[in-house]
Novice: 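Before anything else, here's the structure in question.
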Amino acid sequence: MCEANAYLLENDKESLLMEAVDKVEPDEDGILLISIFGEQKFIKGHIHALSLVDHKVYIKQ
């Protein structure tokens, strides 16, 4: 599987936002995360980093 987990970075700590993320759609107000199960979550923030080997998306508000 190639999906990733999305994490919120705050004060150098990461907290899990969503597992099995299939799509990351940037918007001018934030980021829409969509999982392989169809779950959707909108986060106000920006992509800080991607770790492709670890399948992680890091988001900062």
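This chain uses plain numbering: 1 for the first residue, then up along the sequence.
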Novice: Do L33 and L8 sit in the same hydrophobic cluster, where Ile, Leu, Val, Met, Phe, Trp and Tyr count as joined when their side-chain heavy atoms come under 4.5 Å apart?
Specialist: yes
Novice: Mind checking what makes side chain to side chain contact (heavy atoms under 4.5 Å, CB included) contact with I47, not counting sequence neighbours?
Specialist: V24, I31, L50
Novice: Please name all residues satisfying side chain to side chain donor-acceptor pair (under 3.5 Å) with D29, sequence neighbours left out, ordered by chain then number.
Specialist: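 None.
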Novice: Just distance, no hydrogens or angles: give the donor-acceptor pairs under 3.5 Å from side chains in residues 10-22, sequence neighbours left out.
Specialist:
none

Novice: Same cluster for L52 and I59 if Ile/Leu/Val/Met/Phe/Trp/Tyr side chains link at under 4.5 Å?
Specialist: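 Yes; I59 is reachable from L52 via cluster members.
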Novice: Hey, could you give me the CD/NE2 distance between E3 and H55, rounded to the nearest 0.5 Å?
Specialist: 8.5 Å
Novice: Nearest 0.5 Å please: distance from the OH atom of Y58 over to the CG atom of N5.
Specialist: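 Y58 OH to N5 CG: 10.0 Å, rounded to 0.5 Å.
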Novice: If you count heavy atoms of other groups shown closer than 6.0 angstrom to NZ of K41, is the number above 12?
Specialist: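 It does: K41 NZ has more than 12 such atoms within range.
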